[in-house]
Amino acid sequence: GVQTCALPISVSGVWAKLAQCESGGNPSIVSSNGLYHGLYQFTVSTWHSVGGSGIPSQASAAEQTKRAKILQARSGWGQWPACSRKLGLY
């Protein structure tokens, strides 16, 4: 099978799939341009807007998922356009 990063039990279901698509399931990853951080590829400004502090890629997977759920409730799956379309979320 395909080797994937093991995400903690707090990241499951659709969130695990989204994280796998966005970041390969790596909570500490930063995009090559330095703008997007962590499992869900947050910008720092978006991270702060959903109550995060510091840099998203330094937060736990559980906290990143909590903040992603806040963002999704507020703004929808379109925050992750390519992956959410690929996963059939909208």
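Sequence positions, counted from 1, serve as the residue numbers for this chain.
Of all heavy-atom pairs spanning His37 and Ser57, the tightest one is ND1-OG, 2.9 Å. In this structure, Gln64 and Ala59 approach most closely via the heavy-atom pair NE2-O, 3.0 Å. The heavy-atom pair separating Gly38 from Ser23 by the smallest distance is O-CB, 3.3 Å. The shortest heavy-atom contact between Pro27 and Gly25 is CD-O, 3.3 Å. The two residues Leu71 and Thr46 come nearest to each other via the heavy atoms CD2-CG2, 3.7 Å.
Side-chain atoms of Tyr40 and Gln72, non-hydrogen and from C-beta on, never get closer than 4.5 Å to each other.
Residue pairs satisfying the ring-ring contact (aromatic ring centres under 6.0 Å, His included) criterion with at least one member in residues 45-65, sequence neighbours excluded, are listed as follows: Phe42-Trp47. Within the structure, no pair that satisfies the salt bridge (Lys or Arg N to Asp or Glu O under 4.0 Å) test touches residues 72-86, not counting sequence neighbours. The salt bridge (Lys or Arg N to Asp or Glu O under 4.0 Å) analysis of residues 38-66, with sequence neighbours excluded, yields the pairs Glu63-Arg67. Sorted by first and then second residue, the disulfide (SG to SG under 2.5 Å) pairs with a member in residues 55-90 read Cys21-Cys83; sequence neighbours excluded.
Hydrophobic cluster of Leu35: the remaining members, joined at side-chain heavy-atom separations below 4.5 Å, are Tyr36, listed by chain and number.
Cluster annotation: Val44 and Trp80 are assigned to distinct hydrophobic clusters (Ile/Leu/Val/Met/Phe/Trp/Tyr, side-chain heavy-atom contacts under 4.5 Å, transitive). When the side chains of ILVMFWY residues are joined at heavy-atom separations under 4.5 Å, either directly or via intervening members, Ile29 and Trp15 end up in two distinct hydrophobic clusters. In the hydrophobic clustering of ILVMFWY residues, with side-chain heavy atoms under 4.5 Å counting as a link, Val50 and Ile55 come out apart.
For Ser84, the side chain to side chain donor-acceptor pair (under 3.5 Å) criterion is met by no residue, not counting sequence neighbours.
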